[in-house]
Amino acid sequence: MKKIITRVLICLIICVTIGLTGCGNGFAKQEYDATEKIVQIEDRYAKENSIFNSMEDGCTLTVSKFDGRQTLWKKTLEENAELEIQLNLNISSGNAKVVYIDCNNNIIVLIECSQKNFNKQTATKTIHLTSGLNRLKIVGYDCKEIDLKILFVEP
């Protein structure tokens, strides 16, 4: 009887250990600076308590926990254009950035908050939109309490 209980206990420990290995944000940390992952059309993220509002002149995002990469805005243009963007990014902890991806999959970091610098950043950037697909993505890991506001200003 004692051997059966021991074996059952060992099986339970192994099952729980295997189950927990799939949890976590390891993918987000590994892919934070991986250009080939960030430029993918597909998004990959895990988040909790998220509210995203898209408006004609921008968007807002609030999230209690975030790991991964998510498209916030995309537009296909017939001709090149310029766009001024005002960004406000606040996080209580973690690493997050908003990037612009042009039709050739070139990435420009527009704003970034990390544990190494301030967790509250404000920036105004003028980006040169290319003919074709243009995107804005948020990329992050270990993020808690994200508050992001993006406002598009006509030049």
Side-chain angles (χ1 to χ4, degrees), residues 16-155:
V16 169
T17 303
I18 290 171
L20 290 177
T21 58
C23 300
N25 66 347
F27 79 94
K29 190 171 186 177
Q30 290 174 348
E31 297 175 0
Y32 186 75
D33 290 314
T35 301
E36 68 279 354
K37 296 292 186 179
I38 295 171
V39 299
Q40 290 179 346
I41 298 296
E42 300 82 18
D43 293 335
R44 182 177 183 195
Y45 56 83
K47 61 183 178 179
E48 292 180 13
N49 302 323
S50 172
I51 299 172
F52 177 75
N53 290 314
S54 179
M55 304 160 285
E56 256 185 58
D57 62 343
C59 61
T60 62
L61 175 69
T62 56
V63 183
S64 64
K65 290 174 81 177
F66 180 82
D67 291 294
R69 58 189 186 277
Q70 179 182 356
T71 302
L72 302 170
W73 174 85
K74 62 183 174 182
K75 187 162 190 134
T76 302
L77 299 175
E78 296 290 324
E79 299 177 359
N80 294 347
E82 282 194 356
L83 180 65
E84 186 174 296
I85 303 176
Q86 295 175 351
L87 303 114
N88 293 310
L89 177 60
N90 299 307
I91 61 174
S92 64
S93 66
N95 296 279
K97 60 186 173 184
V98 175
V99 298
Y100 163 67
I101 306 166
D102 70 12
C103 67
N104 298 313
N105 287 333
N106 297 311
I107 296 175
I108 297 172
V109 176
L110 301 177
I111 195 166
E112 185 169 15
C113 290
S114 70
Q115 296 172 359
K116 296 176 186 172
N117 64 18
F118 298 106
N119 287 346
K120 182 177 182 179
Q121 297 286 326
T122 302
T124 300
K125 302 280 183 163
T126 300
I127 57 173
H128 303 282
L129 304 175
T130 57
S131 61
L133 181 62
N134 295 271
R135 298 175 285 155
L136 294 178
K137 279 190 176 187
I138 185 167
V139 181
Y141 68 93
D142 292 336
C143 298
K144 292 190 176 140
E145 305 303 328
I146 294 176
D147 183 18
L148 173 64
K149 292 180 181 98
I150 299 175
L151 181 62
F152 304 123
V153 180
E154 294 295 324

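These figures come from a predicted structure and were not determined experimentally. Sequence positions, counted from 1, serve as the residue numbers for this chain.
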Quiz item: Does one side chain, of Y100 or N134, offer a donor that lies under 3.5 Å from an acceptor on the other?
Solution: yes
Practice problem: With the side chain counted from C-beta on, respond yes when E84 and F152 share a heavy-atom pair under 4.5 Å apart, and no when they do not. | Solution: no
Exercise. Locate the shortest heavy-atom distance separating Y45 from F27; write the atom from each residue and the value.
Key: CA-CZ, 4.2 Å
Quiz item: What is the distance from atom CD1 of I146 to atom CG of L61, rounded to the nearest 0.5 Å?
Solution: 6.5 Å
Self-check item: Heavy-atom side-chain contact between L83 and V153 under 4.5 Å
Solution: no
Quiz item: Going from NZ on K65 to OG on S92, what distance comes out if it is rounded to the nearest 0.5 angstrom?
Solution: 11.0 Å
Quiz item: Between the side chain of K29 and the main-chain N/O of D142, is any donor-acceptor distance below 3.5 Å?
Solution: no
Quiz item: Is the shortest heavy-atom distance from the side chain of T71 to the side chain of I138 under 4.5 Å?
Solution: no
Quiz item: Has the side chain of D102 got a donor or acceptor atom that lies under 3.5 Å from a matching backbone atom of N104?
Solution: yes
Quiz item: When you check the side-chain N and O atoms of K47 and S50, is any donor under 3.5 Å from an acceptor?
Solution: yes
Quiz item: Do the side-chain N and O atoms of D67 and Y141 include a donor-acceptor pair separated by under 3.5 angstrom?
Solution: no
Self-check item: Donor-acceptor contact below 3.5 Å, side chain R135 vs main chain V39
Solution: yes
Quiz item: Under a 4.5 Å cut-off applied to non-hydrogen side-chain atoms, are N88 and Q121 in contact?
Solution: no
Practice problem: Kindly indicate, with the supporting measurements, whether the criterion side chain to side chain contact (heavy atoms under 4.5 Å, CB included) is fulfilled by T76 and K74. | Solution: CA-CA 7 Å; T76 302; K74 62 183 174 182; over 6 Å; no
Practice problem: Ignoring hydrogens and angles, state whether a donor on the side chain of K125 or Q86 is under 3.5 Å from an acceptor on the partner side chain. | Solution: no
Quiz item: Should N80 and T130 be marked as a side chain to side chain donor-acceptor pair (under 3.5 Å) after you check the CA-CA gap, both sets of side-chain angles, and the distance that decides it?
Solution: CA-CA 4 Å; N80 294 347; T130 57; 5.3 Å; no
Quiz prompt | Smallest separation among heavy atoms of A96 and C143, with atom names | solution = CB-SG, 3.8 Å
Quiz item: Between the main-chain N or O of I38 and the side-chain N or O of K137, is there a donor-acceptor pair closer than 3.5 Å?
Solution: yes
Quiz item: Given the rule in the side chain to side chain contact (heavy atoms under 4.5 Å, CB included) test, do D33 and V139 qualify, once you have shown the distances and angles that lead to the verdict?
Solution: CA-CA 9 Å; D33 290 314; V139 181; over 6 Å; no
Quiz prompt | Side chain to side chain, N49 and V63, heavy atoms closer than 4.5 Å | solution = no
Quiz prompt | Distance-only side-chain donor-acceptor flag, R69 / Q40, under 3.5 Å | solution = yes
Quiz prompt | Nearest-0.5 Å distance, SG of residue C113 to CG of residue N90 | solution = 6.5 Å
Quiz item: Hey, what do you get for CD (E42) to CD (Q70), rounding to the nearest 0.5 Å?
Solution: 14.0 Å
Quiz item: Can you tell if the side chain of I150 reaches within under 4.5 Å of the side chain of T60, non-hydrogen atoms only?
Solution: no
Quiz item: For the atom pair CD (E78) and OG (S131), what is the distance rounded to the nearest 0.5 Å?
Solution: 8.5 Å
Quiz item: Around atom CD of E36, are there more than 12 heavy atoms of other residues, nucleotides or ligands at under 6.0 Å?
Solution: yes
Quiz item: Regarding T62 and D147, is there a side-chain donor-to-acceptor distance under 3.5 Å anywhere?
Solution: no
Self-check item: Taking every non-hydrogen atom, the tightest pair across C59 and S54
Solution: CB-CA, 4.1 Å
Quiz item: Can you check whether L148 reaches V98 side chain to side chain, under 4.5 Å on heavy atoms?
Solution: yes
Exercise. With the side chain counted from C-beta on, respond yes when E145 and S64 share a heavy-atom pair under 4.5 Å apart, and no when they do not.
Key: yes
Quiz item: How many angstroms lie between atom CG of L110 and atom CG of L136, to the nearest 0.5 angstrom?
Solution: 6.0 Å
